[in-house]
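Each remark here refers to the structure printed beneath this line.
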Amino acid sequence: MSQETAIASFKKFQQSWIEQLQHHLNHLRSAQNHHRNSVTGDEERLREAVERVMEHFREYHRAKWATTEKDVVGVMAAPWSSALERSLHWVGGWRPTTLFHLVYTESSILFESRIVDILRGFRTGDLSDLSPSQFRIKFVKGRTVSELQCETVKEENAITEELSEWQDDASELVMGTSSNPEQRIRRLAGIVHRTDDLRLRTITRVVELLSPLQQAEFLIAAAELRTGVAGWGTSHDRRRSSNV
């Protein structure tokens with residue numbers, strides 16, 4: 001498969017993947033509402049819906065990994081994304097620490113919207129129920145939320161530094177003086193692989209920190225942020241094209 005074919009194939013996959021994501025989110029919302037409205041709750045159905053969404057993210061990771069192997073430069077250019085999305089990209093995609101900010105933001109929004117019920121002692125079980133102690137308790141392999149966030153920031157910084165070093169040496173590629181250009185490109189692919197691994201690992205670990213209902217709230221918010229930015233960016237591109 002040629003590089004052009006690999007990128008075109010991934011672009012089609014991307015479009016189909018977004019459509020399937022909406023389907024999985026509808027299923028997740030249905031399970032979420034059923035859990036809330038049921039007297040006893042249906043945690044197993046909710047866990048199953050969460051797992052479907054997580055497997056969908058893993059499928060995306062596998063497809064992007066394979067495409068990166070074929071054309072890492074094309075992946076970094078991300079022709080399937082809008083100009084707005086590309087302006088927000090970090091090493092070919094979203095920054096992993098965004099997920100922690102999303103948890104804090106969603107928790108605050110839900111807390112404010114349900115403050116009366118919370119003051120009355122009612123527990124919702126969603127992200128508005130996240131307490132300071134929940135962020136201090138050790139969840140996954142002895143880690144706390146704050147520790148996980150700090151580890152993710154450190155990994156992000158290390159990747160940024162590695163990419164910066166690669167870019168410093170890229171002048172040889174441009175000038176055609178590199179003794180081994182293929183090795184340089186392979187090194188870039190390794191950086192992108194490392195970054196995508198961090199993205200998947202971060203969303204997996206954040207989900208593991210939360211209760212099933214909180215997991216649903218978080219994944220819905222994360223998906224809506226992604227599709228919202230994509231939709232806004234696409235609309236902006238269309239308006240810009242029509243004004244040319």
Side-chain angles (χ1 to χ4, degrees), residues 1 3-21 24-25 50-82 84-103 140-141 143 148-167 170 182-209 215 218-219 221-227 229-230 233:
M1 182 184 293
Q3 292 179 332
E4 292 80 4
T5 303
I7 294 301
S9 177
F10 186 76
K11 187 174 182 178
K12 290 181 179 179
F13 167 81
Q14 171 95 356
Q15 294 170 343
S16 174
W17 186 87
I18 290 293
E19 293 175 0
Q20 292 174 26
L21 177 61
H24 290 311
L25 287 179
V50 166
E51 178 55 28
R52 283 189 185 185
V53 176
M54 289 304 299
E55 176 55 32
H56 198 54
F57 280 117
R58 289 191 286 269
E59 180 187 9
Y60 184 89
H61 177 267
R62 291 190 293 268
K64 189 179 178 186
W65 180 286
T67 306
T68 299
E69 284 290 287
K70 295 180 176 68
D71 185 4
V72 62
V73 176
V75 167
M76 288 289 285
W80 50 82
S81 299
S82 65
L84 173 63
E85 290 174 281
R86 288 193 291 272
S87 72
L88 298 172
H89 278 179
W90 173 76
V91 197
W94 49 272
R95 187 178 286 272
T97 45
T98 303
L99 297 178
F100 296 100
H101 299 302
L102 185 62
V103 170
V140 183
K141 298 181 180 179
R143 291 185 178 87
L148 179 56
Q149 183 176 10
C150 288
E151 289 176 11
T152 305
V153 169
K154 287 180 180 178
E155 289 196 64
E156 280 187 0
N157 291 340
I159 290 171
T160 298
E161 184 176 345
E162 186 176 2
L163 180 61
S164 178
E165 291 175 356
W166 184 90
Q167 291 171 334
E182 290 187 5
Q183 184 178 7
R184 293 289 177 85
I185 295 299
R186 288 297 308 163
R187 183 185 172 194
L188 178 61
I191 295 172
V192 175
H193 284 328
R194 181 182 173 188
T195 306
D196 285 334
D197 282 346
L198 179 59
R199 290 186 180 106
L200 182 62
R201 194 164 69 249
T202 302
I203 194 170
T204 300
R205 287 175 175 175
V206 169
V207 166
E208 289 173 346
L209 303 180
Q215 291 172 351
F218 166 71
L219 288 174
E224 287 180 342
L225 176 62
R226 177 167 186 164
T227 56
V229 171

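Keep in mind the model is a prediction, meaning the values are calculated, not measured. Keep in mind that the numbers below use all heavy atoms, side chains included, and drop hydrogens, waters and symmetry copies.
- To the nearest 0.5 angstrom, Arg187 atom CZ is 6.0 Å from Glu162 atom CD.
- Considering Thr67, Val75, Thr68, Asp71 as possible partners of Phe10, the one that fulfils the side-chain contact (heavy atoms from CB on, under 4.5 Å) test is Thr67.
- Salt-bridge check for Asp196 with Arg199: passed, with a basic side-chain N closer than 4.0 Å to an acidic carboxylate O.
- Both the sub-6.0 Å distance and the 45° axial angle are satisfied by Arg226 relative to the ring of Tyr60.
- Not a single donor-acceptor pair under 3.5 Å links the side chain of Ser164 to the backbone N or O of Thr160.
- Contact detail for Met76 and Gly92: the closest heavy-atom pair is SD-N, 4.0 Å.
- A salt bridge does not link Lys64 to Glu59: none of the charged side-chain nitrogens sits closer than 4.0 Å to a carboxylate oxygen.
- Atoms CG and CG, on Leu99 and Leu225 in that order, are 9.0 Å from each other to the nearest 0.5 Å.
- The OG1 atom of Thr152 lies 11.0 Å from the CG atom of Asn157; values are rounded to the nearest 0.5 Å.
- The distance from the CZ atom of Phe57 to the CG atom of Leu21 is 5.5 Å, given to the nearest 0.5 Å.
- Going from atom CD of Gln20 over to atom CZ of Phe13 covers 7.5 Å, rounded to the nearest 0.5 Å.
- Side chain of Ser87 to main chain of Leu84: a donor-acceptor pair is present (N/O by atom type, distance under 3.5 Å, no hydrogens or angles).
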Determine whether Arg95 and His101 satisfy the following criterion, side-chain contact (heavy atoms from CB on, under 4.5 Å), listing intermediate values before the conclusion. CA-CA 11 Å; Arg95 187 178 286 272; His101 299 302; over 6 Å; no
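- The two residues Gly74 and Pro79 come nearest to each other via the heavy atoms O-CD, 3.4 Å.
- Of the candidates Thr202, Thr195, Leu200, Thr202 is the only one forming a side-chain contact (heavy atoms from CB on, under 4.5 Å) with Leu198.
- Counting only distance, with no hydrogens or angles, the side chain of Trp17 and the backbone of His56 share a donor-acceptor pair below 3.5 Å.
- Remark: the backbone N or O of Val50 is not paired with any side-chain donor or acceptor of Gln215 at under 3.5 angstrom.
- A donor-acceptor pair under 3.5 Å is absent between the side-chain atoms of Ser16 and the main chain of Lys12, judged by distance alone.
- Leu25 contributes atom CG, which lies 8.0 Å from atom CG of Leu219 (distance to the nearest 0.5 angstrom).
- Of all the heavy atoms in Arg86 and Ala77, the pair that sits closest is CD-O, 3.1 Å.
- Counting non-hydrogen atoms of other residues, nucleotides and ligands closer than 6.0 Å to CD of Gln167 gives a total above 12.
- Nearest heavy atom pair, residue Thr227 against residue Glu224, reads OG1-O, 3.3 Å.
- A salt bridge links Glu51 and Arg58; the closest N-O separation between the charged side-chain nitrogens and carboxylate oxygens is under 4.0 Å.
- Within the 4.5 Å cutoff, no side-chain heavy atoms of His193 are placed close to those of Val72.
- In the displayed structure, Arg186 atom CZ is contacted under 6.0 Å by at most 12 heavy atoms of other residues, nucleotides or ligands.
- The two residues Ser82 and Ala230 make their nearest non-hydrogen contact at OG-O, 4.4 Å.
- Of the possible donor and acceptor atoms, one in the side chain of Trp166 sits under 3.5 Å from a partner among the backbone N and O of Arg184.
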